[in-house]
Amino acid sequence: MNDIAVKCKHIWPGVGIATITGMAALFLSEHYNAPAMLFALLLGMAVSFLYQNNTPCACGIDFTASTLLRAGVVLLGLRIALGDLAVLGWQTALMLAMAIFTTIILGVVLAKSLGLQKRFGALTGGSVAICGASAALAISTILPKGENHERDTLLTVIGVTAMSTIAMVLYPIVAAQLGMSNNEAGIFLGGTIHDVAQVVGAGYSVSEDAGDMATLTKLVRVAMLMPVVLIMMLVVKRFYTASTAKNTADVPKMPMFLIGFVALMLLNSFVTLPEFVISTGTEVSRFFLVVSITAIGMKSNLGKLAEVGMLPIVMIITETLWIALLILGYLYLM
């Protein structure tokens with residue numbers, strides 16, 4: 001057994017420190033009413049020295065940022081049932097699908113025009129279009145691993161979390177100024193705000209009916225994570241196969257986490273699961289994702305983040321405005 005294999009036997013110090021830091025982020029989130037993902041990133045970056053210079057924590061932090069991340073995405077499947085699509089209606093579901101795919105395409109076009117990598121545009125576009133930080137983490141696992149892979153993931157999570165928090169405050173005001181009904185406000189908030197927690201906060205700040213519709217609309221967007229990731233994976237695979245300059249060993253294969261996500265979604269759709277199973281799975285998923293974000297923060301390099309400048313923020317703002325205008329247009333044409 002080589003040295004790397006021996007080292008990777010000792011993952012617990014890194015998993016432990018990431019877990020403790022993630023719990024601190026959750027504590028701060030609950031007491032200061034701010035996004036847990038943002039606290040997780042900031043605290044993780046504050047202790048990034050624990051990952052540097054081959055410390056005993058490094059292997060466990062790598063494990064947390066990859067394997068635990070995938071487990072968290074798998075458990076997201078328990079939030080979703082195919083019946084949600086029927087309740088929302090095929091017209092609204094079709095509009096959400098169009099908004100998602102056009103936002104991703106916009107991200108790729110913007111990245112190319114701004115001199116950034118197209119995969120970064122797909123990452124930001126998918127995150128804005130589907131479910132914020134959770135989508136960023138899921139999409140990053142199937143994109144090719146490049147020199148700036150961790151940096152791009154971190155930038156995307158920071159950007160979509162910040163925009164989602166701003167939207168949680170501003171969008172209910174926009175809905176009120178435009179005289180939206182509870183149903184319309186719910187579709188607008190659930191169809192445009194990035195993260196699930198912020199959708200719930202914004203929706204129920206309007207009314208209980210708006211909160212219920214916003215949550216349902218958001219869950220339909222989350223359900224589209226699976227087809228989007230699958231399509232991206234096929235596109236990347238085709239690109240790599242067509243390019244002789246690339247190493248075929250880097251071509252992404254069908255990820256097991258995607259199969260697990262679909263399996264749990266189908267289970268929740270066709271089997272009546274006890275409420276405590278769904279709620280427990282949802283909480284465990286959230287915890288795993290927060291801890292994974294903490295680990296990604298620990299692996300970050302602030303110097304590399306500063307090199308990118310304002311371009312990623314411009315991209316995320318543009319994508320956010322795009323999906324908001326699409327949903328508003330749909331509501332006024334209903």
A.B. asks: If only atom types and distance count, is the side chain of S292 paired as donor or acceptor with the main-chain N or O of T64 below 3.5 Å?
C.D. replies: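 Side chain of S292 to backbone of T64, a donor-acceptor pair under 3.5 Å: yes, one is there.
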
A.B. asks: Kindly indicate whether the side chain of F288, heavy atoms from C-beta on, has any atom under 4.5 Å from the side chain of L69.
C.D. replies: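 A side-chain contact is absent here, since even the closest heavy-atom pair is not under 4.5 Å.
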
A.B. asks: Report whether W90 and V220 are members of the same hydrophobic cluster (ILVMFWY, side-chain heavy atoms less than 4.5 Å apart, transitive linking).
C.D. replies: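 No, no single cluster joins them.
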
A.B. asks: Hey, is the main chain of G89 close enough, under 3.5 Å, to the side chain of T92 for a donor-acceptor pair?
C.D. replies: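 Here the side-chain-to-backbone pair does not exist.
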
A.B. asks: How far apart are the C-alpha atoms of T215 and R79, what are their side-chain angles, what is the distance that settles it, and do they pass the side chain to side chain contact (heavy atoms under 4.5 Å, CB included) test?
C.D. replies: CA-CA 11 Å; T215 303; R79 293 185 180 184; over 6 Å; no

A.B. asks: Examine distances only and state if a side-chain atom of T161 and a backbone atom of I158 form a donor-acceptor pair shorter than 3.5 Å.
C.D. replies: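 Not at all, since once roles are kept as given, no pair shorter than 3.5 Å links the two residues.
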
A.B. asks: Quick check: do T282 and L75 have side-chain heavy atoms less than 4.5 Å from each other?
C.D. replies: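 No, their side chains stay 4.5 Å or more apart.
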
A.B. asks: Say you draw a straight line from OG1 of T217 to CZ of F188; how long is it, rounded to the nearest 0.5 Å?
C.D. replies: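 Those atoms lie 12.0 Å apart.
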
A.B. asks: Taking the side chain as every heavy atom from C-beta outward, state whether Y51 and D62 have any atom pair closer than 4.5 Å.
C.D. replies: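 Y51 reaches D62 side chain to side chain.
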
A.B. asks: So how far is it from I130 CD1 to R221 CZ, rounded to the nearest 0.5 Å?
C.D. replies: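 It comes to 8.5 Å.
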
A.B. asks: Is it true that V290 and V222 fall in one hydrophobic cluster, defined by side-chain heavy atoms closer than 4.5 Å?
C.D. replies: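 Yes; V222 is reachable from V290 via cluster members.
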
A.B. asks: Indicate the atoms forming the closest heavy-atom contact of I323 with A99, along with that distance.
C.D. replies: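 Heavy atoms of I323 and A99 come nearest at CG1-CB, 4.0 Å.
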
A.B. asks: State the CG-OG1 distance between L41 and T21, to the nearest 0.5 angstrom.
C.D. replies: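 That separation rounds to 12.0 Å.
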
A.B. asks: Write down the atom of L189, the atom of A214, and the distance for their closest heavy-atom approach.
C.D. replies: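 So the two residues come closest at CB-CB, 4.3 Å.
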
A.B. asks: Please confirm whether the backbone N or O of S181 pairs with a side-chain atom of E184, one donor and one acceptor, at under 3.5 Å?
C.D. replies: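 Between the backbone of S181 and the side chain of E184 there is a qualifying donor-acceptor contact (under 3.5 Å).
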
A.B. asks: Under 3.5 Å, is there a donor-acceptor pair between the side chain of S285 and the main chain of G281?
C.D. replies: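 Between the backbone of G281 and the side chain of S285 there is no qualifying donor-acceptor contact (under 3.5 Å).
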
A.B. asks: V229 and L225: side chain to side chain contact (heavy atoms under 4.5 Å, CB included), yes or no, with the steps?
C.D. replies: CA-CA 6 Å; V229 171; L225 176 64; 3.7 Å; yes

A.B. asks: Look up atom OG1 in T192 and atom CH2 in W322, then write down how far apart they are to the nearest 0.5 Å.
C.D. replies: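 CH2 of W322 is found 15.0 Å from OG1 of T192.
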
A.B. asks: Which heavy atom of A185 sits nearest to which heavy atom of A210, and what is that distance?
C.D. replies: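 That closest heavy-atom pairing would be CB-CB, 4.5 Å.
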
A.B. asks: What is the minimum heavy-atom distance between C57 and L50, and which atoms define it?
C.D. replies: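 Answer, listing the atom of C57 first, then L50: CB-O, 3.6 Å.
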
A.B. asks: Do the side chain of T280 and the main chain of V277 share a donor and acceptor less than 3.5 angstrom apart?
C.D. replies: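 No: the side chain of T280 does not pair with the backbone of V277.
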
A.B. asks: Identify whether V169 and V196 are in the same connected component of the hydrophobic contact network (ILVMFWY, side-chain heavy atoms under 4.5 Å).
C.D. replies: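 V169 does not cluster with V196.
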
A.B. asks: Measure across S29 and R286 and return the closest heavy-atom pair with its distance rounded to 0.1 Å.
C.D. replies: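 Reported closest heavy-atom pair: OG-NH2, 4.2 Å.
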
A.B. asks: Mind checking whether T102 and L326 have side chains closer than 4.5 Å, heavy atoms only?
C.D. replies: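 Yes, side chains in contact.
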
A.B. asks: Please report the C-alpha distance between L123 and S140 in whole Å, then the side-chain angles of each, then the deciding distance to 0.1 Å, and finally whether the side chain to side chain contact (heavy atoms under 4.5 Å, CB included) criterion is met.
C.D. replies: CA-CA 7 Å; L123 181 62; S140 70; 4.2 Å; yes

A.B. asks: With the side chain counted from C-beta on, respond yes when F39 and L26 share a heavy-atom pair under 4.5 Å apart, and no when they do not.
C.D. replies: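 No - every pair of side-chain heavy atoms lies 4.5 Å or more apart.
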
A.B. asks: Is any side-chain heavy atom of L88 closer than 4.5 Å to one of M213?
C.D. replies: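 A side-chain contact under 4.5 Å exists here.
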
A.B. asks: Between S48 and G44, is there a donor-acceptor pair closer than 3.5 Å when you use the side chain of the first and the backbone of the second?
C.D. replies: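 Pair absent, no side-chain N/O of S48 close to backbone of G44.
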
A.B. asks: Less than 4.0 angstrom from a charged side-chain N to a carboxylate O is my criterion; do D195 and K218 meet it?
C.D. replies: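 Salt bridge between D195 and K218, a charged N being under 4.0 Å from a carboxylate O: no.
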
A.B. asks: Can you measure from CD1 (I193) to OG (S164) and round to the nearest 0.5 angstrom?
C.D. replies: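 Those atoms lie 6.0 Å apart.
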
A.B. asks: So which heavy atom on I316 is nearest to which on V160, and how close?
C.D. replies: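 Closest pair (atom of I316, atom of V160, distance): CD1-N, 4.1 Å.
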
A.B. asks: Please check if atom CD in Q177 has more than 12 non-hydrogen atoms from other residues, nucleotides or ligands closer than 6.0 Å.
C.D. replies: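 Counting neighbours around CD of Q177, 12 or fewer heavy atoms of other residues, nucleotides or ligands fall under 6.0 Å, so no.
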
A.B. asks: Taking the side chain as every heavy atom from C-beta outward, state whether L311 and L110 have any atom pair closer than 4.5 Å.
C.D. replies: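 L311 vs L110: side chains apart.
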
A.B. asks: Are L114 and I104 connected into the same hydrophobic cluster when the rule is that any two of I, L, V, M, F, W, Y join if their side-chain heavy atoms are below 4.5 Å apart?
C.D. replies: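 Yes, one cluster joins them.
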
A.B. asks: Would T55 and I61 count as a side chain to side chain contact (heavy atoms under 4.5 Å, CB included) if you check the C-alpha gap in whole Å, the side-chain angles of each, and the deciding distance to 0.1 Å?
C.D. replies: CA-CA 10 Å; T55 65; I61 292 171; 5.7 Å; no

A.B. asks: V314, L321: one ILVMFWY side-chain cluster at the under-4.5 Å cut-off?
C.D. replies: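 Not linked; separate clusters.
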
A.B. asks: Could you check if a side-chain atom of V200 sits within less than 4.5 angstrom of a side-chain atom of M168, using non-hydrogen atoms only?
C.D. replies: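 Side-chain contact under 4.5 Å: no.
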
A.B. asks: For the CZ atom of R119 and the CD1 atom of I139, what is their distance to the nearest 0.5 Å?
C.D. replies: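 Between atom CZ of R119 and atom CD1 of I139 there are 14.0 Å.
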
